[in-house]
Amino acid sequence: MVLVFRVRGAGAGVFVKERGVRFRFGAVLLAIALLGTGCAAKGDGNSVAARAAATDKLTIGVGFDQPGLGRKITDTWFEGFDVDVATYVAGELGVAAENIVWKEAKAPDREAMIQDGRVDLVVATYSITEARKQRVGFAGPYFLAGQGLLVSQGTTNITGPESLDGKKLCSVKNSTSAQKVKERYAKGAQLVEYFRYSECVNALLVRNVDAVTTDDVILAGFATQHPELLKLVGKPFSEERYGVGLRREDADGKAKVNAAIEKMISSGAWRRSIEKHIGPSGYPVPAPPAITER
Ligand code: GLU
């Protein structure tokens with residue numbers, strides 16, 4: 001051994017030593033990785049509440065173009081009921097409003113934004129569905145809406161989803177609204193899909209489409225911006241249960257967000273926010289929903 005060591009030179013010994021060090025270093029890395037997996041499995045390491053406590057910051061996805069719900073006014077000024085819910089939840093997780101980083105959560109992007117960690121939470125008229133639950137988790141619901149139709153003031157031949165035959169109907173990709181219309185009503189309607197509802201409303205204003213469909217509460221907000229040009233028609237034809245989107249495995253985060261929603265409702269802040277932001281559209285304040293996503 002000693003001879004080999006000497007003949008081959010110090011390099012051989014160093015090599016063995018290095019390998020030994022590498023082996024030990026590798027073992028430490030493996031142990032850290034296993035520990036990490038253990039934490040994630042328990043939910044602690046992956047909890048939005050733990051991230052908020054550790055970083056004092058939350059990144060939250062909201063709509064940027066939805067009057068009354070989520071709207072970007074300036075780089076630092078966001079407003080609407082969804083923004084208030086998000087701000088309240090963040091506060092309950094110990095994050096001050098000024099430490100929230102707001103990101104636009106367009107309907108087609110919401111699941112991916114949560115899954116790849118671009119946002120910690122999504123509060124963006126985000127309906128709880130079984131299909132979405134395969135990819136993300138939901139707390140809530142914190143609001144109940146229903147699907148509706150928005151048309152030009154002068155339109156008389158569209159009165160509900162059954163009168164859409166031969167009409168151009170606008171909605172947003174990956175929304176429950178577009179899917180419902182495709183499944184139930186679009187046989188005779190031509191579905192036009194954009195990325196945002198404001199794009200649909202602009203198309204309606206210039207008469208490129210005959211109607212816009214999505215949740216009544218969203219449409220009511222747009223109608224208020226152009227009361228002389230736009231109106232809602234028909235009765236709500238679905239139930240949309242708005243949830244706070246978060247990572248699928250985050251049971252701890254879900255429980256804490258649910259507790260925050262319940263406190264927002266019981267403290268009166270929930271109702272005050274709806275009266276302030278949604279009330280001006282004439283949309284009636286609904287009864288607060290019971291939390292179902294435990
Ligand atoms: N709430 C429905 C959904 O989550 C429609 C509105 C929206 O796309 O945000 O699909």
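Worth knowing before you read on, the calculation uses all heavy atoms, side chains too, and leaves out hydrogens, waters and symmetry mates. No experiment lies behind these values; they were computed from the predicted model shown.
Linking Ile, Leu, Val, Met, Phe, Trp and Tyr residues whenever their side-chain heavy atoms come within less than 4.5 Å places Val209 and Leu232 in a single cluster. Phe143 is connected to Met264 through a chain of hydrophobic side-chain contacts under 4.5 Å among Ile, Leu, Val, Met, Phe, Trp and Tyr, so both are in one cluster. Cluster annotation: Leu121 is connected to Trp102 through the hydrophobic network of ILVMFWY side chains, with a link wherever side-chain heavy atoms come within less than 4.5 Å. Under the 4.5 Å side-chain heavy-atom criterion for grouping Ile, Leu, Val, Met, Phe, Trp and Tyr, Leu205 is not connected to Val151 through any hydrophobic cluster. Note on Val257 and Ile265: same hydrophobic cluster, where clusters join Ile, Leu, Val, Met, Phe, Trp and Tyr whose side-chain heavy atoms are under 4.5 Å apart, directly or indirectly.
Taking OG1 of Thr213 as the start and CG of Leu149 as the end, the distance is 4.5 Å to the nearest 0.5 Å. In this structure, OH on Tyr197 lies 12.5 Å from CG on Leu150, to the nearest 0.5 angstrom. How far CG of Leu230 is from CD of Gln225: 9.5 Å, rounded to the nearest 0.5 Å. Summarising the geometry, atom CD1 belonging to Ile291 is positioned 5.0 Å from atom CD belonging to Glu262; distances are rounded to the nearest 0.5 Å. With values rounded to the nearest 0.5 angstrom, Ile60 atom CD1 is found 6.5 Å from Thr87 atom OG1. For the atom pair Asp215 CG and Tyr283 OH, the distance stands at 8.0 Å (nearest 0.5 Å).
Of the possible donor and acceptor atoms, one in the side chain of Thr224 sits under 3.5 Å from a partner among the backbone N and O of Ala220. Looking at Gln190, its side chain never comes within 3.5 Å of a backbone N or O of Gly166 through a donor-acceptor pair. Arg132 places a side-chain N or O within 3.5 Å of a backbone atom of Ser127 that can act as its donor or acceptor partner. Side-chain atoms of Ser152 never come within 3.5 Å of backbone atoms of Thr155 as a donor-acceptor pair (strictly under, hydrogens ignored). In this structure, the side chain of Asn46 does not engage the main chain of Glu249 through any donor-acceptor pair within 3.5 Å. With hydrogens and angles disregarded, no donor-acceptor distance shorter than 3.5 Å links the side chain of Ser273 to the backbone of Asp84.
Thr125 places a side-chain heavy atom less than 4.5 Å from the side chain of Arg110. For the pair Val48/Arg247, no side-chain contact is recorded, criterion being any heavy-atom separation below 4.5 Å from C-beta on. Gln179 is listed as a side-chain neighbour of Asn174, based on a closest heavy-atom distance under 4.5 Å. At a threshold of 4.5 Å between non-hydrogen side-chain atoms, the residues Thr214 and Leu219 count as touching. The closest side-chain heavy-atom distance from Gln115 to Arg135 is below 4.5 Å. Taking 4.5 Å as the limit, every side-chain heavy atom of Phe237 sits out of range of all side-chain heavy atoms of Lys235. A 4.5 Å side-chain heavy-atom check between Val285 and Ile274 finds at least one atom pair inside the cut-off. Cys200 places a side-chain heavy atom less than 4.5 Å from the side chain of Tyr194.
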Distance-only donor-acceptor pairs under 3.5 Å for side chains of residues 88-97, two or more places apart:
residue, atom, partner, partner atom, Å
Glu92, OE1, Lys263, NZ, 3.3
Glu92, OE2, Lys263, NZ, 3.3

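In terms of heavy-atom proximity, Pro141 sits nearest to Thr292 at CD-OG1, 3.4 Å. The two residues Glu193 and Ala178 make their nearest non-hydrogen contact at OE2-CB, 3.4 Å. Residues Gln153 and Pro227 share a closest heavy-atom pair of NE2-O, 2.9 Å. Nearest heavy atoms, Asp252 versus Ala49: OD2-CB, 3.9 Å. Closest heavy-atom contact between Phe195 and Lys106: O-CB, 4.0 Å. In terms of heavy atoms, Ile158 sits closest to Ser163 at CA-OG, 3.5 Å.
Using a 30° and 60° split on the angle between ring planes, Trp270 and Phe81 fall in the perpendicular class, above 60°.
More than 12 heavy atoms of other residues, nucleotides or ligands lie within 6.0 Å of CG in Asp116, so this atom counts as buried by the packing criterion. Within a 6.0 Å sphere centred on NZ of Lys231, other residues, nucleotides and ligands contribute more than 12 heavy atoms. Taking a 6.0 Å sphere around NZ of Lys276, one finds it holds 12 or fewer heavy atoms contributed by other residues, nucleotides or ligands.
Salt bridge annotation for Lys180-Glu240: present, with a cationic side-chain nitrogen under 4.0 angstrom from a carboxylate oxygen. With respect to Glu104 and Lys72, no salt bridge is recorded, no charged nitrogen being found less than 4.0 Å from a carboxylate O. No salt bridge links Asp210 with Arg207; every basic N to acidic carboxylate O contact stays at or beyond 4.0 Å. A salt bridge links Lys133 to Glu130: one of the charged nitrogens lies within less than 4.0 Å of a carboxylate oxygen. The residues Glu199 and Arg196 are annotated as salt-bridged, a charged nitrogen and a carboxylate oxygen being separated by less than 4.0 angstrom. By the 4.0 Å N-to-carboxylate-O rule, Asp120 lies close enough to Arg51 to be salt-bridged with it.
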inquiry  = Please determine whether side chain to side chain contact (heavy atoms under 4.5 Å, CB included) holds for the pair Asn258 and Arg294, giving the CA-CA distance in whole Å, both sets of side-chain angles, and the decisive distance to 0.1 Å.
reply    = CA-CA 8 Å; Asn258 278 335; Arg294 300 284 178 190; 4.1 Å; yes
Take Val217 and Ile278 through the side chain to side chain contact (heavy atoms under 4.5 Å, CB included) test and state the conclusion after the steps.
CA-CA 8 Å; Val217 67; Ile278 297 176; 3.8 Å; yes
Please determine whether side chain to side chain contact (heavy atoms under 4.5 Å, CB included) holds for the pair Ser198 and Gln66, giving the CA-CA distance in whole Å, both sets of side-chain angles, and the decisive distance to 0.1 Å. CA-CA 7 Å; Ser198 53; Gln66 296 182 2; over 6 Å; no
Chi angles and distances behind the side chain to side chain contact (heavy atoms under 4.5 Å, CB included) call for Asp216, Gln147: CA-CA 5 Å; Asp216 47 10; Gln147 190 167 349; over 6 Å; no
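Connectivity analysis of hydrophobic side chains (ILVMFWY, heavy atoms under 4.5 Å, direct or indirect) links Met113 to Ile114, Val119, Val122, Tyr126, Ile128, Val136, Phe138.
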